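Below: one structure, written as structure tokens.
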Amino acid sequence: MPEVDQGKQAKNYHTDVPADTHGFFLKGAHSLDWGMKNRLSRIFRPDTGRTVMFAVDHGYFQGPTTGLERIDLDIVPLMEYSDAIMLTRGILRTSVPPTNTKAVVMRSSGGPSILKELSDEQIAVDIEDAIRMNVACITLQVFIGGEYETRSIHNMTKLVDWGYRYGIPVMAVTAVGKNMVRDAKYFRLACRMCAELGAQVVKTYYVPEDFDTVTASCPVPIVMAGGKKIDELDALTMSYNAIREGAAGVDMGRNIFQSEAPVAMMKAVNTIVHDNATPDEAYELFRSLKAEG
Ligand code: 5RP
């Protein structure tokens, strides 16, 4: 079992010591090939080392979620305020104009819509099609501790092998099943397993306690997952804390497109991620932009 020795021997994550990136701006990426580094540089801004990713892939198992009913009308106009967009190939091809130059993070897994069987996923995109769509990254849910954990891991390692062959990084999304405890111990395990098995980026949830140990013990960049819609100030505060505790960006969906003022929220998140604004400064920006309409 993981971490059974805790208590017998204190662990040292050296949370105050940044990882040595060996001359490349992103953690864990210095020995990757040019193409992969170039793609990562389209997702993460080289000047800040961070990303604002916009997640609109929910329809792949939820159908038209609130806010995502009309991607063409309500979502495409928001994309310009992000660094990267996370979506399915169906939405990319049908609803996003090819003049869009944002880094595409392609949802590459799929499976049941039934909540209790969500972990029963398979790879849902061929690597050749990902290349055809000029994606910057391929991504999937990884259900560590879930019923279909082994399959989920195999899906990821298959994408990693394809990705290495063609220079496309993989972002593993640490999925949290109903019965999984959302704490730092679980996310340390899940994130580290994904990185050890080859993911070049990991997306995971923020936890208020010891999130810095999750980021410190993961040798690749961590992007914070947004989660369900919460109050704007709370979402900005969570983003700020995640960045301060070592995340290399955020990947938000509902907290942007379900906000009363999505453009204002996008801009406020950007100031946290790229300009190191405090939650109060970012919230003030959100409020003033919202008031301007
Ligand atoms: C689950 C996912 C989602 O499909 C999506 O990206 C979630 O976005 P948000 O929770 O911010 O609305 O990757 O983890």
Side-chain angles (χ1 to χ4, degrees), residues 43 51-69 71 74-75 78-79 81-92 102-115 117-121 123-125 135-146 148 152 155-156 159 170-178 180 182 186-187 190-191 194 199 201-207 214 222-232 234-239 242-243 247 249-259 262 265-266 268-270 272-273:
I43 299 167
T51 188
V52 173
M53 200 182 285
F54 185 30
V56 294
D57 60 325
H58 310 55
Y60 96 95
F61 73 101
Q62 289 184 320
T65 313
T66 306
L68 294 184
E69 298 88 344
I71 301 271
D74 295 325
I75 298 301
L78 300 175
M79 290 179 176
Y81 305 101
S82 67
D83 301 305
I85 49 178
M86 180 185 184
L87 73 186
T88 59
R89 63 174 157 183
I91 288 299
L92 185 75
K102 295 296 172 186
V104 171
V105 177
M106 176 60 56
R107 158 67 59 184
S108 306
S109 61
S113 60
I114 303 154
L115 214 54
E117 289 161 19
L118 276 187
S119 69
D120 186 14
E121 285 198 339
I123 292 176
V125 173
V135 307
C137 190
I138 44 184
T139 186
L140 80 167
Q141 305 281 105
V142 181
F143 295 86
I144 303 295
Y148 297 94
S152 180
N155 290 342
M156 184 186 79
L159 288 190
V170 171
M171 181 173 85
V173 181
T174 63
V176 185
K178 269 205 310 283
M180 298 173 195
R182 288 187 183 214
Y186 173 72
F187 288 123
C191 294
C194 291
V201 181
V202 175
K203 168 176 166 176
T204 200
Y205 290 92
Y206 179 74
V207 283
V214 179
I222 284 196
V223 174
M224 185 205 79
K228 65 175 193 296
K229 172 77 176 73
I230 51 177
D231 177 74
E232 275 80 3
D234 292 340
L236 293 168
T237 304
M238 181 171 74
S239 306
I243 296 289
V250 302
D251 184 15
M252 276 191 175
R254 288 164 288 179
N255 278 292
I256 303 283
F257 60 71
Q258 290 178 354
S259 167
M265 190 58 182
M266 270 287 202
V269 171
N270 264 281
I272 297 248
V273 172

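Whatever order the structure lists them in is the order used to number ligands and atoms, beginning at 1. Numbering starts at 1 and runs along the sequence shown. Fair warning: this is a prediction, and the values are worked out from it, not measured in the lab.
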Is [X] in polar range of ligand 1, meaning some N or O pair under 3.5 Å apart?
| X | result |
| --- | --- |
| Lys203 | yes |
| Tyr60 | no |
| Gly227 | yes |

Are the side chains of [Y] and [X] in contact, using a 4.5 Å heavy-atom criterion?
| X | Y | answer |
| --- | --- | --- |
| Val125 | Ile138 | no |
| Val135 | Arg89 | no |
| Thr66 | Arg254 | no |
| Ile43 | Val201 | no |

Handout entry: Closest candidate by heavy atom, reference atom 9 (P) of ligand 1, pool Met252, His58, Met86, Met53
Key =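 Checking each option, the heavy atom nearest atom 9 (P) of ligand 1 is found in His58.
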
With a cut-off of 4.0 Å, which atoms of ligand 1 are near a heavy atom of [X]?
| X | value |
| --- | --- |
| Ala55 | 6 (O), 8 (O) |
| Val173 | 13 (O), 14 (O) |
| Gly226 | 11 (O) |
| Tyr205 | 14 (O) |
| Arg107 | 2 (C), 4 (O), 13 (O) |
| Arg254 | 9 (P), 10 (O), 11 (O), 12 (O) |

Exercise for the section: Among Thr88, Asp57, Thr139, find the one that has a side-chain hydrogen bond (donor to acceptor under 3.5 Å, both in side chains) with Arg107. Expected result: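 Only one option passes, and that is Asp57.
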
Which residue and non-hydrogen atom of the protein lie closest to [atom], and at what distance in Å?
| atom | answer |
| --- | --- |
| atom 6 (O) of ligand 1 | Asp57 OD1, 2.7 Å |
| atom 11 (O) of ligand 1 | Gly253 N, 2.8 Å |
| atom 1 (C) of ligand 1 | Gln141 OE1, 3.5 Å |

Exercise for the section: Write down the atom of Lys203, the atom of Ala225, and the distance for their closest heavy-atom approach. Expected result: CE-CB, 3.6 Å

Completion exercise
d(Ile85 CD1, Asp251 CG) to nearest 0.5 Å is 11.5 Å

Practice task
Measure the spacing between OG of Ser82 and CD1 of Ile256 and express it to the nearest 0.5 Å.
Solution key: 9.0 Å

Practice task
For the residue pair Tyr205 and Phe187, categorise the inter-ring angle as parallel (less than 30°), tilted (30 to 60°) or perpendicular (more than 60°).
Solution key: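 Rings of Tyr205 and Phe187: tilted, 30 to 60°.
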
